[in-house]
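First up is the structure itself, then whatever we jot down about it.
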Amino acid sequence: MAHTCNPSTLGEINFSVIGQYVDYLVKEQGVKNVFVNGTTGEGLSLSISERRRVAEEWVTKGRNKLDQVVIHVGALSLKESQELAQHAAEIGADGIAVIAPFFLKPWNKDVLINFLKEVAAAAPALPFYYYHIPALTGIKIRAEELLDGIQDKIPTFQGLKFSDTDLLDFGQCVDQNRQRQFAFLFGVDEQLLSALVMGATGAVGSTYNYLGKKTNQMLEAFEQKDFSVALNYQSHFLIYFSCLGFGVSQTKAIMTLVSGIPMGPPRLPLQKASREFTDNAEAKLKSLNFLSFTSLKDRNLEACS
């Protein structure tokens with residue numbers, strides 16, 4: 001999530017806080033791998049030049065602090081996606097990810113793979129991830145079907161960011177590709193524990209901006225086969241926060257409250273979270289001892305709304 005607000009130029013990206021954001025993720029949340037210009041960062045609402053600069057800032061500010069910076073380079077235009085992929089390689093990113101083009105849609109697996117192959121070829125030295133998010137793209141090609149033989153067409157294919165609630169599809173992805181050592185990164189935060197049981201190797205999600213530490217504790221409990229503790233973390237935090245809302249606007253408001261870093265409003269057509277939502281979220285966060293500040297008003301963050 002890298003789209004933050006500059007009070008003097010609303011709707012523009014405040015690049016100056018990205019370094020602070022990196023430090024917060026590493027020191028306060030224990031998050032050392034980031035996925036840049038995805039859904040929460042509103043990558044597809046940014047211009048190509050903005051996406052390039054955001055990527056540059058994350059790679060530069062994350063150097064010697066973050067373990068991996070993966071850049072989402074998906075776009076409706078193949079040429080733009082290739083440009084972003086090549087740029088990611090030039091600046092030293094650790095990998096690239098691509099969603100399916102969703103206006104003029106690929107109608108079957110082969111057409112989609114042909115598109116992905118051309119993007120991956122623009123950065124032949126970088127690990128390549130497919131970002132499966134059918135609820136937003138409208139592409140209903142099952143991930144399990146897509147993965148069948150994909151490495152023959154895309155040698156740099158490294159794994160999947162699976163942002164869908166179809167756990168049967170996810171389980172089949174894992175089961176049929178165990179020998180290939182793909183990364184299976186799960187993207188539906190409130191279902192993470194179920195995905196871990198089915199073989200997820202990691203997670204990419206919006207709540208880890210402010211629940212990274214708690215989620216790491218859950219992952220540790222799962223590794224130690226202390227499933228009751230892991231379930232307790234899932235129930236008391238991820239499911240609890242799902243009641244607040246996982247939308248981009250809501251996530252930015254919660255992240256601002258928890259971290260004290262002004263995330264700002266989203267860009268149109270999204271609307272900022274309502275005052276009612278922010279007040280309700282602040283009260284719930286206080287009840288969980290998640291806030292280190294006394295109130296939103298005290299931090300003068302309304303200037304970014």
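All heavy atoms count here, side chains included; hydrogens, waters and symmetry mates do not.
- Residues Leu192 and Ala203 approach most closely at CD1-CB, 3.7 Å, considering heavy atoms.
- Heavy-atom neighbours of Lys27 NZ from other residues, nucleotides or ligands within 6.0 Å: at or below the threshold of 12.
- Of the possible donor and acceptor atoms, one in the side chain of Asn108 sits under 3.5 Å from a partner among the backbone N and O of Val111.
- Remark: Lys79 NZ to Leu84 CG distance equals 13.5 Å, nearest 0.5 Å.
- Each of Thr156, Ile150, Val70 was checked for a side chain to side chain contact (heavy atoms under 4.5 Å, CB included) with Phe128, and the lone residue meeting it is Thr156.
- When ring centroids are compared, Phe184 and Phe162 stay outside the 6.0 Å threshold.
- Under the 4.5 Å side-chain criterion, counting only non-hydrogen atoms from C-beta, Lys252 is in contact with Glu42.
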Could you tabulate the donor-acceptor pairs under 3.5 Å formed by side-chain atoms of residues 90-104, not counting sequence neighbours?
from, atom 1, to, atom 2, distance (Å)
Asp94, OD2, Val69, N, 2.7

| said: Run the salt bridge (Lys or Arg N to Asp or Glu O under 4.0 Å) test on Glu50 and Arg267 for me, step by step, so that the C-alpha distance in whole Å, both residues' side-chain angles and the decisive distance to 0.1 Å come before the verdict. | reply: CA-CA 13 Å; Glu50 286 175 325; Arg267 179 170 286 181; 2.8 Å; yes
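- Checked by atom type and distance alone, the side chain of Ser287 pairs as donor or acceptor with a backbone atom of Lys284 at under 3.5 Å.
- At distances below 3.5 Å, not a single donor-acceptor pair connects side-chain atoms of Ser81 with backbone N or O atoms of Ser77.
- For Gln29 against Asn216, the heavy-atom pair with the smallest separation is O-ND2, 3.5 Å.
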| task | Start with the C-alpha distance between Asn37 and Leu46, add both sets of side-chain angles, then the distance that settles side chain to side chain contact (heavy atoms under 4.5 Å, CB included), and finish with yes or no. | result | CA-CA 9 Å; Asn37 284 337; Leu46 306 182; 3.8 Å; yes
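- No side-chain donor-acceptor contact under 3.5 Å links Tyr210 and Thr251.
- When atom types are taken as modelled, the side chain of Asp169 and the backbone of Glu144 share a donor-acceptor pair closer than 3.5 angstrom.
- The ring-ring contact (aromatic ring centres under 6.0 Å, His included) analysis of residues 80-100, with sequence neighbours excluded, yields no pairs.
- In this structure the side chain of Val119 reaches within 4.5 angstrom of the side chain of Val73, judged on heavy atoms.
- The two residues Ile261 and Gln20 come nearest to each other via the heavy atoms CG1-NE2, 3.6 Å.
- A donor-acceptor pair shorter than 3.5 Å cannot be found between the side chains of Thr207 and Asn209.
- Distance CG/Leu257 to CG/Leu285: 6.0 Å, rounded to 0.5 Å.
- Within the 3.5 Å criterion, the main-chain N or O of Asp110 finds a donor-acceptor partner in the side chain of Asn114.
- Defined by atom type and a distance below 3.5 Å, a donor-acceptor pair is missing between the side-chain atoms of Gln158 and Tyr129.
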| Going through the checks in order, is the side chain to side chain contact (heavy atoms under 4.5 Å, CB included) test met by Tyr233 and Leu219? | CA-CA 9 Å; Tyr233 279 115; Leu219 293 172; over 6 Å; no
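- When side chains are defined from C-beta on, Lys214 does not count as touching Met218, because their heavy atoms never get closer than 4.5 Å.
- Residues Leu25 and Tyr208 approach most closely at CD2-O, 4.4 Å, considering heavy atoms.
- A heavy-atom distance below 4.5 Å is found between the side chains of Leu146 and Ile113.
- Remark: Thr40 OG1 to Gln250 CD distance equals 11.0 Å, nearest 0.5 Å.
- Applying the ring-ring contact (aromatic ring centres under 6.0 Å, His included) test to every pair with at least one member in residues 138-160, sequence neighbours left out, gives these pairs: Phe157-Phe182.
- In this structure, NZ in Lys117 is found 13.5 Å from CG in Leu112, a value given to the nearest 0.5 Å.
- The nearest pair of heavy atoms linking Ser194 to Leu167 is CB-CD1, 3.9 Å.
- For the pair Glu83 and Arg52, the salt-bridge criterion is met [side-chain N within less than 4.0 Å of a carboxylate O].
- Taking the side chain as every heavy atom from C-beta outward, Arg51 and Leu44 approach each other to under 4.5 Å.
- By the 6.0 Å and 45° rule, Lys161 does not stack over the aromatic ring of Tyr130.
- No side-chain heavy atom of Pro134 sits less than 4.5 Å from a side-chain heavy atom of Ile139.
- Remark: the backbone N or O of Ser228 is not paired with any side-chain donor or acceptor of Asn232 at under 3.5 angstrom.
- Using a 4.5 Å heavy-atom cutoff, the side chains of Phe186 and Val188 are in contact.
- The two residues Ser163 and Gly187 come nearest to each other via the heavy atoms OG-CA, 3.6 Å.
- Residues Glu28 and Ser259 are not in side-chain contact: their nearest non-hydrogen atoms beyond the backbone lie 4.5 Å or more apart.
- In this structure, the side chain of Lys105 does not engage the main chain of Gly138 through any donor-acceptor pair within 3.5 Å.
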| request: Verify side chain to side chain contact (heavy atoms under 4.5 Å, CB included) between Leu136 and Thr39, making sure each step is shown before the conclusion. | output: CA-CA 9 Å; Leu136 291 185; Thr39 302; 4.0 Å; yes
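- Here the CG-CD distance, from Asn14 to Glu57, works out to 10.0 Å after rounding to the nearest 0.5 Å.
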| request: Tell me, with the steps shown, if Lys32 and Gln68 meet side chain to side chain contact (heavy atoms under 4.5 Å, CB included). | output: CA-CA 7 Å; Lys32 299 197 71 175; Gln68 287 195 85; over 6 Å; no
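- The CD1 atom of Ile18 sits 8.0 Å away from atom CZ of Arg53, with the distance rounded to the nearest 0.5 Å.
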